[in-house]
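Just so it is clear, the values below take in all heavy atoms, side chains as well, and ignore hydrogens, waters and symmetry mates. Quick note on labels: first sequence line is chain A, next is B, and so on, each numbered from 1.
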There are 2 protein chains.
Amino acid sequence: MVTLAEVAQHAGVSASTVSYVLSGKRSISASTRERVEHSIQQLGYHPNAGARALASSRSNIIALMVPLRTDMYVPVMMEIAIAVATSARTHGYDVLLLTGEEGPAAVRRIAGSSLADAMILMDVELHDERLPLLRDSGRTAVLIGLPSDTSGLTCVDLDFEATGALCVDHLAGLGHREVAVIGEAAAVYERHTGFAERTVDGIRAKAQETGVRILHRPCEGGYAAMAGTLGRIFDERPGTTGFIVQNEAAVEPLLNLLQQQGRAVPEDVSVVAICPEQVATQASVRLTSVAIPAQEMGRRSVEQVVAKLTGRGTDEVELLEPVLTVRASSGPAPV
Amino acid sequence: MVTLAEVAQHAGVSASTVSYVLSGKRSISASTRERVEHSIQQLGYHPNAGARALASSRSNIIALMVPLRTDMYVPVMMEIAIAVATSARTHGYDVLLLTGEEGPAAVRRIAGSSLADAMILMDVELHDERLPLLRDSGRTAVLIGLPSDTSGLTCVDLDFEATGALCVDHLAGLGHREVAVIGEAAAVYERHTGFAERTVDGIRAKAQETGVRILHRPCEGGYAAMAGTLGRIFDERPGTTGFIVQNEAAVEPLLNLLQQQGRAVPEDVSVVAICPEQVATQASVRLTSVAIPAQEMGRRSVEQVVAKLTGRGTDEVELLEPVLTVRASSGPAPV
DNA sequence: GGCCTCGGTCGAAGCGCTTCGACTCCACTC
DNA sequence: GAGTGGAGTCGAAGCGCTTCGACCGAGGCC
């Protein structure tokens, strides 16, 4: 491995000069800079990450904690993770992948070892056990998701209350009066995952305002579960004409079952989904939906981290505004 | 941050003794060990990762390159990535997440900076441009996937040729004589992704052996693409009674379209999928399938890395044996 | 013309850890 | 009773980098 010292010798300057060429923290004459850069090229020099971290006490690594569970829709997680990794690189950072398995201990380990300059936590619960540790580790952190107490924390998330409201508004505007909400798996609510509860809150509030009746049912993915849930919904509320679905794995089963039951979409029932664009456009009926901006969330969280790391950031909650796109699955309520 | 020296002072020993307690590389008396461990606990000491990497020239980090593209089935990627991260931890390693975006340059950067002790590459193409760089970086590496030239490389993958053969064998055994293969998106073949081509090779070889006629068609995911592909298949081979599907995003559309066309599964046509268990069991018809052992692949690749890093490994290609599980989507060919 | 300023460069002191050789006991052996 | 060997500990020398203060000319100023 080529070292700084070798580059310095090759270029006929001191080691510190090479370091300053690399970091740009002091001005360097054009001729020296060129000479040094040429030597770097020629020798194929790469700074040693460990030495750099030790000397500067900054590792240029951001730790990303992804949930281990797979009851969430995986592609969204992946899209966020990839967006985080990609935009981290554009800011000169690498990303360390931590799974939830290690649990809160991971926070302590990473903070203690100075392995990462900052952490991004995904899948934050309302009362997340990692948060106290995080707060008194003093490390820079950004959450994707919204805990109940956000004091001293920076959070990025889709505004799920507004999302829920938007869905109801759309259906109410079309004249629907009885709306069923097909939610995430029951376990998601039991964990008190913020986004799921907040969506329902938003839905209820707007429903009250617009005079829509709401029936909310958690639902596992897959056909069997959906069949059961759907049956019970129509038993309880035969007049249901609108569906709001917040569970990607339930979308296709729902459309299928409705079709099998002879209920046409959107003539007899309207469906609005909260899901990634890809799911909405590739479904058997092109879905009216509110998109989950996974990329944007990943990107923004990195930008927040970088801002805080460079002293510019403030603790704040950034809620991304939901956008509803009308497609083929929603229409006027039948008379 | 607490340092080794502070722990040493607190325990009344020298710094090197603390280091040896931590690493176990020299014998330490029980009483000293206890005293040191107690001090570590009490002070909340965590070794500094950078210093450790610098002094020992090992970072205890494994870099994982995941593909950026999303034309592959994302959950499988994610499952592998998570399995890698999880099993890496059980061996004392952390995982650095690299996206394909940076391309081959990432290999150079990581190897040059000694940021990672080893690399795991996913989504390897037959003639992958990262491989030459990898070879002469001299770094430890394991590929998930199989390039055309494996010399000097360790690879882990499902045995896709055997997988293809297994599917044909199953259908042939049930009496099917005309089988259509619904493949990955055309782009996947154009990239010469090993697994896709190898599957088809395995299918063709076994088809020849068993006297089955094969029609192979790449297919994008989604309903529209599947409808077109399916139409063309039955135009060309009206006698088709068996399907092998290697494209998760095509599974559900295929089942649906068959149903709509009045072709019953498995009475009129049989379907065998190559997909994760979850897809197979959650589909509208429980699918006879060969599972993609994502977890196993992730785990094995880490084990190979650790073996090589501790001097035990040998360069070798490890192909996991495919397992076909019969479920409700395949049956005897109609007479 | 002396003085100050400032751009450009260097030397040296660490950053916190690992590891090698050396040293000290102490229990044996012959 | 000197010699041997192993267990247990220490000191010191780095690992490769960043960064601080110092130094040295070259202008600009009065």
Give every pair of a protein N or O atom and an N or O atom of nucleotides 24-27 of chain D that lie under 3.5 Å apart, one pair per line with the distance.
none

Enumerate donor-acceptor pairs with a distance under 3.5 Å from any side-chain N or O in residues 106-121 of chain A to protein atoms, sequence neighbours excluded.
from: A:R109; atom 1: NE; to: A:E102; atom 2: OE2; distance (Å): 2.6
from: A:R109; atom 1: NH1; to: B:D94; atom 2: OD2; distance (Å): 2.7
from: A:R109; atom 1: NH2; to: A:E102; atom 2: OE1; distance (Å): 3.2
from: A:R109; atom 1: NH2; to: B:D94; atom 2: OD1; distance (Å): 2.9
from: A:R109; atom 1: NH2; to: B:D94; atom 2: OD2; distance (Å): 3.4
from: A:S113; atom 1: OG; to: A:R109; atom 2: O; distance (Å): 3.0
from: A:S113; atom 1: OG; to: A:I110; atom 2: O; distance (Å): 3.4
from: A:S113; atom 1: OG; to: A:L115; atom 2: N; distance (Å): 3.3
from: A:S114; atom 1: OG; to: A:R139; atom 2: NH2; distance (Å): 3.1
from: A:D117; atom 1: OD1; to: A:S59; atom 2: N; distance (Å): 2.8
from: A:D117; atom 1: OD1; to: A:S59; atom 2: OG; distance (Å): 3.2
from: A:D117; atom 1: OD2; to: A:S59; atom 2: N; distance (Å): 3.2
from: A:D117; atom 1: OD2; to: A:N60; atom 2: N; distance (Å): 2.7

Handout entry: Contact state string [nucleotides 13-20 of chain D, B base, S sugar-phosphate only, - no protein heavy atom under 4.0 Å]
Key = -BBBBBBB

Practice task
Only pairs at least two apart or in different chains count here, so list each salt bridge (Lys or Arg N to Asp or Glu O under 4.0 Å) that has a residue in residues 24-43 of chain A.
Solution key: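 As it turns out, there is no salt bridge (Lys or Arg N to Asp or Glu O under 4.0 Å) pair with a partner in residues 24-43 of chain A once direct neighbours are skipped.
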
Handout entry: Test: B:E101 and A:R89 ion pair at under 4.0 Å
Key =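 Salt bridge flag = no for A:R89 with B:E101.
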
Problem - SB check B:D157 B:R198 (cutoff 4.0 Å) - result: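 Result for this pair is yes, salt bridge flagged.
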
Exercise for the section: Step by step, work out the side-chain contact (heavy atoms from CB on, under 4.5 Å) result for A:H192 and A:H127. Expected result: CA-CA 8 Å; A:H192 298 292; A:H127 299 279; 5.6 Å; no

Problem - Interface with DNA chain C, restricted to residues 28-39 of chain B and to heavy atoms under 4.0 Å - result: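 Correct list: empty, so none.
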
Exercise for the section: Could you tell me which non-hydrogen atom of B:C155 sits nearest to which non-hydrogen atom of B:G145, and how far apart they are? Expected result: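 Of all heavy-atom pairs spanning B:C155 and B:G145, the closest is CB-O, 3.5 Å.
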
Practice task
Would you name the heavy atoms of B:Y45 and B:L22 that are closest together and state the gap between them?
Solution key: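 Nearest pair, atom of B:Y45 first, then B:L22: CE2-CD2, 3.8 Å.
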
Handout entry: OP1 or OP2 of C:dG7 under 4.0 Å from side-chain N/O of A:S27
Key =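 No, because none of the side-chain N or O atoms of A:S27 sits under 4.0 Å from OP1 or OP2 of C:dG7.
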
Exercise for the section: Answer yes or no: does atom CD of A:E316 have more than 12 heavy-atom neighbours from other residues, nucleotides or ligands under 6.0 Å? Expected result: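 Count over threshold, so yes.
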
Problem - A:L143 and A:T154, any side-chain heavy atoms less than 4.5 Å apart - result: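 The answer is no, as the side chains (C-beta and beyond) never meet within the 4.5 Å cut-off.
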
Pairs of donor and acceptor atoms involving the side chains of residues 81-88 of chain B, under 3.5 Å and at least two apart or interchain, shall be tabulated with distances.
from: B:T86; atom 1: OG1; to: B:I82; atom 2: O; distance (Å): 2.7
from: B:S87; atom 1: OG; to: B:A83; atom 2: O; distance (Å): 2.6

